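Quick caveat: nothing in here was measured; it's all calculated off a predicted structure. Numbers restart at 1 for each chain; the letters A, B, ... are given by sequence-line order, proteins then strands.
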Amino acid sequence: MSATTDLDEFRSEVRTWLEENLPETLRGRAWPSGSDLALWRQRMGDRGFACPTWPAEYGGGGLDAAHTRVLQQEMARVGAPPSVRGFGVSMLGPVLLEFANDAQKREHLPGIIYGRVNWCQGYSEPGAGSDLASLQTRAVREGDEYVINGQKIWTSGATEADWMFCLVRTDPRAPKHDGISFILFDLKSPGVEVRPIRLISGASSFCEVFFKDVHAKASNLIGVENAGWTIAKRLLQHERTMLSGGMGGGTAPGRAAAGRAAQRRNGFADMAKKYLGDADGRIADPVLRDQLAQLELDGLCYRLTTLRSAASAKAGQGPGHTASMFKLYASEMNKRRQELTMSVLGSQGLGWEGEAFDAFERGTTRQWLRSKGNSIEGGTSEVQLNVIAKRVLGLPD
Amino acid sequence: MSATTDLDEFRSEVRTWLEENLPETLRGRAWPSGSDLALWRQRMGDRGFACPTWPAEYGGGGLDAAHTRVLQQEMARVGAPPSVRGFGVSMLGPVLLEFANDAQKREHLPGIIYGRVNWCQGYSEPGAGSDLASLQTRAVREGDEYVINGQKIWTSGATEADWMFCLVRTDPRAPKHDGISFILFDLKSPGVEVRPIRLISGASSFCEVFFKDVHAKASNLIGVENAGWTIAKRLLQHERTMLSGGMGGGTAPGRAAAGRAAQRRNGFADMAKKYLGDADGRIADPVLRDQLAQLELDGLCYRLTTLRSAASAKAGQGPGHTASMFKLYASEMNKRRQELTMSVLGSQGLGWEGEAFDAFERGTTRQWLRSKGNSIEGGTSEVQLNVIAKRVLGLPD
Amino acid sequence: MALVLTEEQQLLQETVRDFVREKAPVKHLRQLRDTNDKVGFSRDLWKEMADLGWAGIILPEEHGGSGLGYAELGILLEECGRTLVPEPFLSTVVLGAELIQKGASEAQQKEILGGIAEGRTVLALAHQEQGRYSPYAVSTRAEAAGDGFQLSGKKTFVLDGHVADSLIVVARTSGAAGDRDGLTLFLVPAESAGVSITRTVMVDSRNSAVVELSNVAVSRDQVLGDVGAGADLLDPALDRATVALSAQLLGVLTEAFERTVEYLKTRIQFDVPIGSFQALKHRAAVMFCEVELSKSIVMDALAAIDEGRENASQLVSAAKARTSDTAGLVTREAVQMFGGIGMTDEEEIGFFLKRARAAELTLGDGSFHRDRFAQLNGY
Amino acid sequence: MALVLTEEQQLLQETVRDFVREKAPVKHLRQLRDTNDKVGFSRDLWKEMADLGWAGIILPEEHGGSGLGYAELGILLEECGRTLVPEPFLSTVVLGAELIQKGASEAQQKEILGGIAEGRTVLALAHQEQGRYSPYAVSTRAEAAGDGFQLSGKKTFVLDGHVADSLIVVARTSGAAGDRDGLTLFLVPAESAGVSITRTVMVDSRNSAVVELSNVAVSRDQVLGDVGAGADLLDPALDRATVALSAQLLGVLTEAFERTVEYLKTRIQFDVPIGSFQALKHRAAVMFCEVELSKSIVMDALAAIDEGRENASQLVSAAKARTSDTAGLVTREAVQMFGGIGMTDEEEIGFFLKRARAAELTLGDGSFHRDRFAQLNGY
């Protein structure tokens, strides 16, 4: 049987399965919820389609890149939403597959696959931002447990999360990269306190999380004690890939992203004509028009570069250092886009609340402010520039 | 007698003196030459007006800032050119006054004041650019002489120069800043070879200068052996001031410079209209017009800042660290101006030689290329930024 | 030239600086915001400021003012900019005072200017009708009706509009939107029939309102200046407001810059102050140059107003373009260099980012003023 | 998508790279310049390149060509860009070959295309009349005269004009400068009476000429395409030349960038390689992103031409804007980072600065193509 025949058969199999199993109410809904979502999660998990590339023995689909692409294409065709998302599936799962022992995988992967456990990430601390390895949250071994004290910040979704994967210092006397461990624990444990953070753009999903004598099972330490930094770095690569958006899984999602972006673009030009006037089909302000053209042109070149990178990378290879470039460029570009929108809207972009500004205008204000965080979260632009200079260009320290 | 009366008297005295002594042929000539120039130099030197602020005992005018300003105003009024200029008067002279012994001042200052000796500066070396202190040109004491071997580069005007003030390494084992001396010698000495440098913009006044067993009198070493770095740094401050242009001597020359700049500006707008078209009195290309406005606006702000700096500084104070800002900004701004000119001219700015391009167009090409050196010579822009960060803002090493 | 402060001016600067740091630090604005204060500034504090002579700083002494010039006003507003003081300087002390002084009858002047100087009266200019600033793009109509006029139209971004005792409404008695001719200014009590004022909550937590005018009857007495020649009154007042706002922006950007440099010296990452990283050093040094240039042009533009220089408008546009753009640069860099903490509402630097953008878009941004600068320079 | 090279394409790339590094390094251009070479390129080398199939790379095999596409042409020109090869690719291999193929009679094609493929024939497009690029700003007149026309006008920046065997002259048979309609293309032997060609010495040491046409008599046979509809022939040819030039610029900028990174690693100041300074590192990393983006858009625009995609013109404009601006950024940074030595004629990096600026201003700079990109995108 040729590879193509095999893929064709798989495609028709997927198509039939989706027809029979996708709840009608979920079709075309990007962010589904409710009882049909629970059903969908059960079915996708059972069929191995929730996390198609993960090994079958842990509940994944065991599919290769080509089959995964077929599955994604068919799901996109009928508007089937993914059954699970978030930190578990995109960040913790791959790391567990690489670093965890068999028992840990069996304990934690199903919860991710079936969407039963919400995960959050305990990384940054007030004194450890770009210099993440200087983190101070202590974990002390006591019998078959660790006792954790300290504080995390920028923990996204902590108010909704069930469990946390967390970097802790297990050897305070070792050089800073050599005393860190990677551990999982239940966020409902006594001693955990979660406080939401208010951003300059308003309420946010970010939290501060405080630990006071929190007990975590030692069996939930991933890898070797004090060797957690290796895991931490790998996980950051996955984060960077996630944040730069749409360049992960081959060309299909890339094309879809390009389509969405094109739509958004036309929207921008129309919006600019509305606020600045239309002179013979052109945006009436020639200087802003030039800036918009530059931005769109950069966006086009950026998307083509993500496609080129995906095409170059062999299937199954982890994200390379180009992830830094994409993270850097995407966040800087979004900041420019938001600045430009503000310039176009003028004082109509300055609204915070109330009816004098429509929903788009109010959204603009908040998004402009929120975009300032793009180049800080998930590794600052400065960190990405350092990585590119060192890893890609080979410039000396 | 009040200060004002004194200045008024001095003004009428200067006015009379100029009427009697300025050769008619020199009036209004920025770059005079010939026998009348020799006469003018003699008269200005004798009268103490060539270097008005230098002490009278060494042939200067012994004037304070207020009287100097009156002299400059009166000279400007009748279009009297300075009788001397160049490295001697603007860089070496002030340094000799500060660091040389009495005999050295008596030997070298008159040659500067009467324009009899042309000086050039032996500073940079192929391996010592921004890191000037790593210079390798060796000077070994032998009896009452030093014997010099090595090479200088970027020696401006060496083909025309009579003497060189030169940084040499007198102690190769000391830390690099502690083994440097500042010495003067005759460029006609045996063993000196001068080779002009061709720049990307064409022929230039820069030279490479090679030394092979060049003998210099030990009595021409300024200050203390191995303590030349202090002198070198002071001289660089004077250079920076000279390069940033027109902010040195109070408001009068500043205003004149502003006037010239305004004239140049209108010229730019007219030129842009000629090449790009005129739409209802506006430059027809709105994006380039916006860039020109930004450039002119920056130029205005820059000139005002030099005036503000001069107004703030008490008369007689040496140039402060703002010299770095002016050097940086002026050179970056000139580079922008040249880039913009190229954009305006299009392919008419690409000519190198020949009649298909008029003199302005050919000049544009060369000036554009030459301007790239502005942010390199006299301390790179990167060096200026370092200086501002450290000395002005106090940021840590 | 007036590029250095006189001793008297230095004294004024210190007085203002000490006062606002104590009584109106950034916390003052935060508190007004967090308590959803109905006025949006402190009437008590405003009274105190008026008692110091600040509300009538440019008014002649006969009207209870201090009789000072724009150089002094600039010093005052620069210092107020440093702590983001939200009290109604721009609307009342500059625009209101200028337009009433130049356009109102003696009786009106006597009544209103005294109120301004005492901190009792707040005025607001109801001018802008769309998001992008464009001074003559006025569609609000003033139709002749009986002995007077009837005003109808909608005004946005009316600074301090919801607390103003009277509005100065720019309406069109002839011509079409975009024409310089045909504008007329009307002094309209906020309580007038047909006037509806809705406060808008703005990103910089300052005061602004939407004003709707529906057949508002006004008499001839309420006209400021001459009918149809409102632009002659408006233009110089807008220039003055623009340079005043530039001075405020200079304070905003200078403070943001100084706070950032301080943060670079104290924030430790990788065991060293982040200000020791060369890339950040260079960016800080670039900002320093821009800050210095901003200061120079603001001082000269203020002096140009005081001296009545012919090219004052060019300098004003240069000042607004330069301070707008520099404030944008500095506050964006500030948030980036503060990192995560700069993104939190708890840290004050975000207030500067918001204020810088709002002030940039008030009375014309960099692009608007570069265009105007070019036009005034004959290209 | 064609965003990766096939094996055949990789082979071509290596072949070209090895050839030009050996036979046409930057020294080749320097030597032509320093000897004031009358031709401005090497006829022998050009013959060798033609023998490798490069001169007829996009021509069909029936005309002696290689029958390859723009993807392959792009690879060829990118590598030639890396060493600034001055041989007449743009004028003859792209513009000449395209216009003759699409607009000439079969007999003309047979005669001329074979000559191009063999490296014998050089063509030049006489089009531009002013410094700023503007494709329809043609004033050169073609007046009807007897059975044919008389051409009069002046053309500037005619690439390879002084060595061309024939000129393709864009003239106006109707309408006014700026109109798209009314242009007609004429094939004019360089030796024709009334044609006067003056070589211009350019900053990038490449070939260009001023062409003056004084009542040049041409017959109907010399018309390419249809009378008055020259733009239909010209537009796609210009698109193709523009993407070809973008590919060349990609080579220029990539080489300049790689040389700069290498210099950063080897130049020692303050006892360390200057590439260890963070400020320079960050600037190099920023350039890296721009270089990568340039590569992607050039590859896609080349593929769009080959595939005849509807939006090809947009991609071409994006490619030219992006490579023009990136080449400017990279070469300016290169000279700055090389420091003093970068300012000397002896160091080769200055040749890249010059070529980048000249290529930027050829066939429209970043600003021109952003405007076109916006227009094609409906704003």
Taking the side chain as every heavy atom from C-beta outward, state whether C/Val201 and A/Phe357 have any atom pair closer than 4.5 Å.
no
Contact class of A/Ser204 relative to chain C, heavy atoms under 4.5 angstrom:
neither
Region of A/Asp285 that comes under 4.5 Å of a non-hydrogen atom in chain C:
side chain
Any side-chain donor-acceptor pair under 3.5 Å between A/Ser347 and C/Gln128?
yes
A/Thr365 portion near chain C, given a 4.5 angstrom heavy-atom threshold
side chain
Minimum heavy-atom distance C/Arg267-A/Ala128, with the two atoms named
NH2-N, 4.5 Å
Is it the side chain or the backbone of C/Arg370 that comes within 4.5 Å of chain A heavy atoms, both, or neither?
neither
Spatial distance of atom CG (C/Asp204) from atom CH2 (A/Trp352) [nearest 0.5 Å]
10.5 Å
To the nearest 0.5 angstrom, please state how far the CD1 atom of C/Ile341 sits from the CD1 atom of A/Ile153.
5.0 Å
For A/Leu350, run the side-chain contact (heavy atoms from CB on, under 4.5 Å) check against C/Arg206, C/Glu360, C/Met202 and tell me which one passes.
C/Met202
Select, from C/Leu353, C/Leu280, C/Thr362, C/Val335, the one with the greatest count of heavy-atom pairs under 4.5 Å involving chain A.
C/Leu353
Rounded to the nearest 0.5 Å, how far does OG1 of C/Thr344 lie from CD1 of A/Ile200?
8.5 Å
Side chain / backbone / both / neither for C/Val210 at chain A, heavy atoms under 4.5 Å
side chain
Please tell me if the side chains of C/Gln336 and A/Thr380 come closer than 4.5 Å, counting only heavy atoms from C-beta onward.
yes
I'd like to check A/Glu382 versus C/Phe277 (side-chain heavy atoms, cut-off strictly below 4.5 Å). Are they in contact?
no
Does atom CD of C/Gln31 have more than 12 heavy-atom neighbours, drawn from other residues, nucleotides or ligands, at distances under 6.0 Å?
no
Minimum side-chain heavy-atom gap C/Arg332-A/Glu339 below 4.5 Å
yes
Considering only heavy atoms and a distance below 4.5 Å, find which of A/Arg362, A/Lys372, A/Gln348, A/Glu377 pairs most often with chain C.
A/Lys372
With heavy-atom distances below 4.5 Å as the criterion, would you say the side chains of A/Ser343 and C/Arg357 are in contact?
yes
Which bit of A/Leu276 is near chain C, if near means a heavy-atom gap under 4.5 Å: side chain, backbone, both or neither?
side chain
Heavy-atom proximity to chain C below 4.5 Å, by part of A/Ala133:
neither
Side-chain touch C/Asp271/A/Lys176, heavy atoms, less than 4.5 angstrom
yes
The interface call for A/Leu369 against chain C, heavy-atom contacts under 4.5 Å, is both
Can you tell which part of C/Ala358 gets under 4.5 Å to a heavy atom of chain A, answering side chain, backbone, both or neither?
both
May I ask you to test the C/Val203-A/Met342 pair for a side-chain heavy-atom distance under 4.5 Å?
no
Look at C/Gly339, C/Ser367, C/Gly350 and state which one has the largest set of heavy-atom pairs under 4.5 Å with chain A.
C/Gly339
Counting only heavy atoms not in C/Lys265, do more than 12 fall under 6.0 Å of its NZ?
yes
So do the side chains of A/Arg198 and C/Glu346 get within less than 4.5 Å of each other, counting heavy atoms only?
no
Under 4.5 Å heavy-atom distance to chain C, tell me which part of A/Ser381 shows up: side chain, backbone, both or neither.
both
CZ (A/Arg370) and CE (C/Met343) are apart, to the nearest 0.5 Å, by 5.0 Å
Heavy-atom nearest pair, A/Ile376 first then C/Gly340, reads CG2-N, 3.4 Å
Going from OG on A/Ser130 to CZ on C/Phe270, what distance comes out if it is rounded to the nearest 0.5 angstrom?
5.5 Å
Under 4.5 Å from any heavy atom of chain C, what part of A/Leu345 do you find: side chain, backbone, both or neither?
backbone
